[in-house]
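The analysis underlying the following values was restricted to heavy atoms, covering all of them including side chains, and did not include hydrogens, waters or symmetry mates.
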Amino acid sequence: MRGKHIGIMLGLALVVAGGLAACGKSSTTSQSTGQLAAKQTVKLSAKSEVTTLDVSKAADSTSLTMLYHTQEGLYRLGKNEKLINALATKTTVTNGGKRYVFDLRKTNHWNDGKPVTAHDFVYSWQRTANPKTASEYAYLMAGVKNFSQVQSGKLAPSQLGVKALGDYRLEVTLSKPVAYFKLLLAFPTFFPQEKSVVVKQGSDYGHSSTKTAYDGPFVMKKWTGTSQNWTLAKNPKFWDKKQIKLQTLNFQVVADPSTGLSLYQKKSLDATTLDGTQVANLKNNPDLKTYVGGTTYYMQMNQKRVKTLKNLQVRQALSLAINKKQLASHVLRDGSKAPLGFVSQNLTQNPQTKADFAKDAYVKDGVAYDLPKAKKLMAAGLKASGTKQLDLTLMCDDLAVTKTVAQYIQAELEKLPNVKVTLNALPYKTRLSRSNSGNFDLVLSSWGADFADPINFLSLMSTGNTNNNGGFSDAQYDAAIKRSENQDANRPTARYQDLVTAEKRLMTQQGVIPLYQPATVELWNSKVTGYVWNPAGMSRGYQWMAVEK
């Protein structure tokens, strides 16, 4: 998930007994009685408004979370990234992993009663790939045949490698094997769309609850496009409706943790997210739940703008001067963890040993704290660069938490000889624009996984990637990434090792400075049961929750 959206990512998915699990570590809010309450309603909050329910255009976490619950795609993610059939009942892969044929479920319908068919997937994918749509997540389709030509306008969207083989068979052709392709299909960008509704509503499509088509567990109610409150109601047309226990989910926007806690204590919310101070005060509360994984906050160093940052010793010194453990435990105080590397923990596992990728690729000096060593490296690096004084500006969002983190980093870096750091806290959109244009020295960035594969992080630092704002470039790193996506794409163990090699190279070259893995700490009503944390997704799988007596 693009760093510009990750500030409100929460990364939960929920299940009921006998329902579907989501990828991650299971937990329950209480000892399950198995007896459900007559009123299956929950009261929940979101940190921002829904911006759109248009599958092609949704990019923020609140909107994407709503799409997970109002739409259904080919797959759902299960425990430990296991793919579970949703609308796909059978998948046939041929031609060395470049041709997929999906047999589709014939029992799902749009909320207007029309059947969901292969044509709805074809239309949706072509619409997303069409450059006129300006889909922020269209790049996830890069492996589909002719995608780049469609995006550049050289080919019509109809030439995208997706077509219907009848109403209930879908064929997808890739330009080359994509090891994580099935994982992508559980992401909302790949969900179907009902063409007749999109065409009828035109520019209004997806901008209110009455101007959207639904094929998932719930339909949205009382949403006008700018609403601070909205409702998800159980969809009677959904093929798996017997597994849906909840009847209603009432949402309200609550941006301030203090307000959320007050509403929770008044029983006006069944769950609320806490900040660091609240966590410290409520650490013994039995309703407290903590989740870490799928996201990394990091600092980019602009090697194109600041020539001194091209020096490896200087970059290493900056990293070693920051005590990441202290940042997590004493500054943030919200359950966040010091990172093991750029790729987050709890994302994916070694295909043979089941070890966490972050542990397999761990490079101690890439994330360690060693101020004496940092001082020596900085002195040597400045001398080698012919620099007497290193004056840097650290750019961040003007949110309270990011400014606090930036102030801590400023103090840590100024312990180095001849280093001066000035802070520049900007509104999100301004910071983002300057980051993307390379108008910074140092910048605080973040990334949350769109799917459970290390490539989702590691591709960001490839030479020329649009998210590589600091201009890091390393031939060995690029070569490892390319091997994983080409000759080793169909060799899981070899591909995994390619990505481990890439992560280790990124850390030994200090291409970025990982700072911390943010935690989500929440209070949950003990009568709302059955959730599983999904570290690689943005979805709260509310459809699989139940309220017990």
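- V93 and K182 get closest at one heavy-atom pair: CG2-CE, 4.3 Å.
- Heavy atoms from other residues, nucleotides or ligands lying under 6.0 Å from NZ of K324 number more than 12.
- Listed for the S124 side chain is no donor-acceptor partner under 3.5 Å among the backbone atoms of D120.
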Inset, instruction - Step by step, work out the ring-ring contact (aromatic ring centres under 6.0 Å, His included) result for Y214 and W110. - result: CA-CA 5 Å; Y214 308 96; W110 295 102; 8.8 Å; no
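- In this structure, K234 contributes its side chain and I244 its backbone to a donor-acceptor pair below 3.5 Å.
- A donor-acceptor contact shorter than 3.5 Å is absent between the side chain of S433 and the backbone of K429.
- Between the side chain of Q126 and the main chain of F121, no donor-acceptor pair closer than 3.5 Å is present.
- What you find for V150 and A129 is that their closest heavy atoms are CG1-O, 3.6 Å.
- The existence of a salt bridge linking K57 and E136 is excluded, since no basic side-chain nitrogen approaches an acidic carboxylate oxygen closer than 4.0 Å.
- At least one side-chain heavy atom of L515 sits under 4.5 Å from a side-chain heavy atom of L444.
- Here K163 pairs with E171 in a salt bridge; the nearest charged N to carboxylate O distance falls below 4.0 Å.
- Across D275, T290, T272, T273, a single residue satisfies side chain to side chain contact (heavy atoms under 4.5 Å, CB included) together with V521, and that is T290.
- When every heavy atom of A546 is checked against every heavy atom of Q40, the shortest pair comes out as CA-OE1, 3.5 Å.
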Show me the donor-acceptor pairs, under 3.5 Å and distance only, between side chains in residues 216-225 and residues at least two apart or in other chains.
| from | atom 1 | to | atom 2 | distance (Å) |
| --- | --- | --- | --- | --- |
| T224 | OG1 | S227 | OG | 3.0 |

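- Judged purely by atom type and a 3.5 angstrom limit, S336 has no side-chain atom pairing as donor or acceptor with the backbone of L332.
- Heavy-atom neighbours of K145 NZ from other residues, nucleotides or ligands within 6.0 Å: at or below the threshold of 12.
- Counting all heavy atoms, side chain and backbone alike, T189 lies closest to M141 at O-CE, 3.8 Å.
- One distance of note links CG of N281 with CG of N285; it measures 11.0 Å at 0.5 Å rounding.
- Side-chain atoms of T402 come within 3.5 Å of backbone N or O of D397 as a donor-acceptor pair.
- With contacts defined as side-chain heavy-atom distances shorter than 4.5 Å, the pair K211/Y205 does not qualify.
- Side-chain atoms of N250 and T231 include a donor-acceptor pair closer than 3.5 Å.
- Legend: residues meeting side chain to side chain donor-acceptor pair (under 3.5 Å) with R127, ordered by chain and number and at least two apart, are D54, S56, Q193.
- Counting only distance, with no hydrogens or angles, the side chain of N108 and the backbone of D215 share a donor-acceptor pair below 3.5 Å.
- The heavy-atom pair separating A452 from L347 by the smallest distance is CB-O, 3.6 Å.
- Here the side chain of D356 pairs a donor or acceptor atom with the backbone of N346 at under 3.5 angstrom.
- The closest side-chain donor-acceptor pair between S344 and T296, if any, does not fall under 3.5 angstrom.
- Remark: side-chain polar atoms of R333 are not paired, donor with acceptor, to backbone N or O of A328 under 3.5 angstrom.
- Distance alone, capped at 3.5 Å, is enough to place a donor-acceptor pair between the K43 side chain and the K267 backbone.
- Between L232 and T248 there is no side-chain heavy-atom pair separated by less than 4.5 Å.
- A ring-centre distance under 6.0 Å is found for Y137 and F187.
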